[in-house]
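Down below is the structure, laid out as structure tokens.
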Amino acid sequence: MAVKEKNGGSSWLEWEDDLGKRDQKAIEKAEAELSDEMGLYYFEQFEFDRQFRQLKAYANEKNIKIIGDIPFYCAMDSSDTWSHPETFLMDEEGNPTALAGCPPDAFSPTGQLWGNPIYDWEAEKKKDYDWWVHRMYRTYAFYDVIRIDHFHGFCEYYAIPYGEETAEKGELKKGPGIDFFNVLKKRVDKLRIIAEDLGNNTPENEKLLKDTGFPGMKVLQYGFTSWDSYYVNHRHINNCVVYTGTHDNTPTRAWAEDINEGQMSFTRRYINSRNTDLNGLTWDLIREAYRSVADLCIIPLQDYLCFGREARINTPGAPDGNWQWRLRPNFLSDDLAGSIRELAEIYSRIPKSNSFIQ
């Protein structure tokens with residue numbers, strides 16, 4: 001971070017070759033020249049670590065467990081790629097040989113070029129996935145349970161040759177599969193994971209999830225936008241996590257404003273909702289999530305508060321305006337807490353044991 005600041009915020013790919021390639025003498029020189037700047041970053045990271053550990057200890061004392069998120073890929077301009085280029089498919093000059101994305105489909109005729117470097121899974125396997133093991137250990141310092149984003153990437157991933165302007169010439173390749181998780185289970189104590197398995201569910205993806213034993217995700221909003229959906233309640237199993245929507249979805253009240261008449265009719269008939277106002281419908285959908293057989297139920301705070309699209313956290317694919325929503329003081333109340341408590345008691349979600357978060 002100190003070197004990046006000195007270089008005007010430019011990517012490490014644009015730094016002088018000796019620093020970009022982490023030449024030992026160049027690193028030592030930069031450490032001597034930027035010791036004050038480095039000291040500030042050390043202090044900030046130390047304080048964040050200390051404060052978050054205190055928060056986690058306090059939550060755990062109250063029998064509250066914290067679920068955190070770990071992305072599947074790293075950014076090209078990240079400390080991970082700069083300090084551990086051997087983990088990724090890169091040439092001797094430090095340039096990636098392939099980038100991540102997804103193939104062309106009906107929604108994107110040229111596919112999606114995400115720009116993330118791709119892991120060198122063969123090299124990682126030879127090292128018992130050492131980089132990933134350390135990454136998991138560090139993440140568990142802050143969280144009790146880890147939700148792994150883009151779980152499908154461990155089954156198969158899309159690799160696009162570096163330099164291509166679109167994703168049309170990419171290639172679908174096999175990921176490390178169950179071998180990766182078998183090693184993790186041996187090397188990481190009490191592996192508590194939720195798999196983000198949303199999107200294109202193939203037989204291979206479903207088998208990998210089943211073989212790991214991790215719970216997947218069921219999002220109710222997806223259940224009412226197509227007939228015979230994978231996500232509606234009667235298709236749930238115990239070993240899964242049910243949501244009304246996630247951080248990538250619009251809040252449920254806004255979702256209800258956007259769906260068409262046929263989808264709204266199906267939704268009302270399925271959940272037996274007589275509410276004519278959207279706030280009431282939102283709470284009917286919350287109740288539907290609570291009465292799922294899923295071991296764990298997660299409701300976004302925006303849905304409890306019946307907020308609309310102004311409270312959306314993230315819009316996938318949109319480069320700006322994300323992760324800015326914050327809860328202002330005094331929006332929560334004892335009445336709301338009582339309503340949540342009542343649902344939890346009715347559907348036995350207070351005493352229920354969840355094996356994957358113990």
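Between the Ser78 side chain and the Cys74 main chain, no donor and acceptor come within less than 3.5 Å of each other.
Each side-chain hydrogen bond (donor to acceptor under 3.5 Å, both in side chains) pair with one or both residues in residues 270-279, not counting sequence neighbours, appears once here: His234-Tyr270, Arg253-Asn279, Asn272-Arg274, Ser273-Asp284, Asn275-Asp284. Pairs engaging residues 169-186 under the side-chain hydrogen bond (donor to acceptor under 3.5 Å, both in side chains) rule: Tyr129-Asp179 [sequence neighbours left out]. Annotation: side-chain hydrogen bond (donor to acceptor under 3.5 Å, both in side chains) contacts involving residues 29-40, sequence neighbours excluded, comprise Lys6-Glu33.
Annotation: Tyr119 is not in aromatic contact with Tyr157 [ring centroid separation under 6.0 Å not met]. Remark: aromatic rings of Trp121 and Phe88 are distant, center separation not under 6.0 Å. Centroid-to-centroid, the aromatic rings of Phe151 and Phe181 come within less than 6.0 Å.
Cluster annotation: Trp131 is connected to Tyr137 through the hydrophobic network of ILVMFWY side chains, with a link wherever side-chain heavy atoms come within less than 4.5 Å. If you chain together hydrophobic residues whose side chains sit under 4.5 Å apart, Leu19 and Tyr41 never meet in one group.
Heavy atoms from other residues, nucleotides or ligands lying under 6.0 Å from CD of Glu165 number 12 at most. Heavy-atom contacts from other residues, nucleotides or ligands closer than 6.0 Å to CZ of Arg50 number more than 12. The local environment of CD in Glu345 is crowded, with over 12 non-hydrogen atoms from other residues, nucleotides or ligands closer than 6.0 Å. Atom CD of Glu92 is surrounded by 12 or fewer heavy atoms from other residues, nucleotides or ligands within 6.0 Å. Applying the 6.0 Å contact sphere to OH of Tyr42 captures no more than 12 heavy atoms from other residues, nucleotides or ligands.
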* To do: Report the C-alpha separation of Phe154 and Trp132 in whole Å, then their side-chain angles, then the decisive distance to 0.1 Å, and conclude whether the ring-ring contact (aromatic ring centres under 6.0 Å, His included) test is met.
  => CA-CA 12 Å; Phe154 293 104; Trp132 265 94; 5.5 Å; yes
* Kindly determine whether Gln221 and Thr244 satisfy side chain to side chain donor-acceptor pair (under 3.5 Å), including the steps that lead there. => CA-CA 6 Å; Gln221 286 187 19; Thr244 45; 5.7 Å; no
* **Steps toward side chain to side chain donor-acceptor pair (under 3.5 Å) verdict (Glu14, Trp12)** => CA-CA 5 Å; Glu14 300 173 14; Trp12 64 266; over 6 Å; no
* Asked: After noting the C-alpha distance and the side-chain angles of Ser11 and Met76, does the key distance pass the side chain to side chain contact (heavy atoms under 4.5 Å, CB included) rule?
  -> CA-CA 9 Å; Ser11 165; Met76 188 66 230; 6.0 Å; no
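Judged by a 6.0 Å distance limit and a 45° cone about the ring axis, Arg22 is positioned over the six-membered ring of Trp82. A cation-pi arrangement is not found for Arg269 relative to Phe224, the charged atom failing to lie both closer than 6.0 Å to the ring centre and inside a 45° cone about the ring normal.
Minimum interatomic distance between Arg349 and Ser292 (heavy atoms only, all atoms of both residues): NH2-O, 2.9 Å. Across Ile160 and Ala167, no two heavy atoms sit closer than the pair CD1-CB, 3.5 Å. Closest non-hydrogen pair, Trp283 versus Asp303, comes out as NE1-O, 4.4 Å. Smallest separation of non-hydrogen atoms from Leu184 and Leu191: CB-CD2, 3.9 Å.
Using a cut-off of 4.0 Å between Lys/Arg side-chain N and Asp/Glu carboxylate O, Lys127 and Glu124 are scored as salt-bridged. Ion pairing of Glu122 with Lys125 is absent here, as no side-chain N (NZ or NE/NH1/NH2) approaches a carboxylate O to less than 4.0 Å. In summary, Lys56 and Asp144 engage in a salt bridge, as defined by a charged side-chain N under 4.0 Å from a carboxylate O.
Classified by interplanar angle (parallel below 30°, tilted 30° to 60°, perpendicular above 60°), the ring pair His150/Phe72 is perpendicular.
Residues meeting the ring pair (Phe, Tyr, Trp, His ring centres under 6.0 Å) test with Tyr158, sequence neighbours left out: none. Legend: residues meeting ring pair (Phe, Tyr, Trp, His ring centres under 6.0 Å) with Phe48, ordered by chain and number and at least two apart, are Phe52, Phe142. Residues passing the ring pair (Phe, Tyr, Trp, His ring centres under 6.0 Å) test with Tyr290, sequence neighbours excluded: none.
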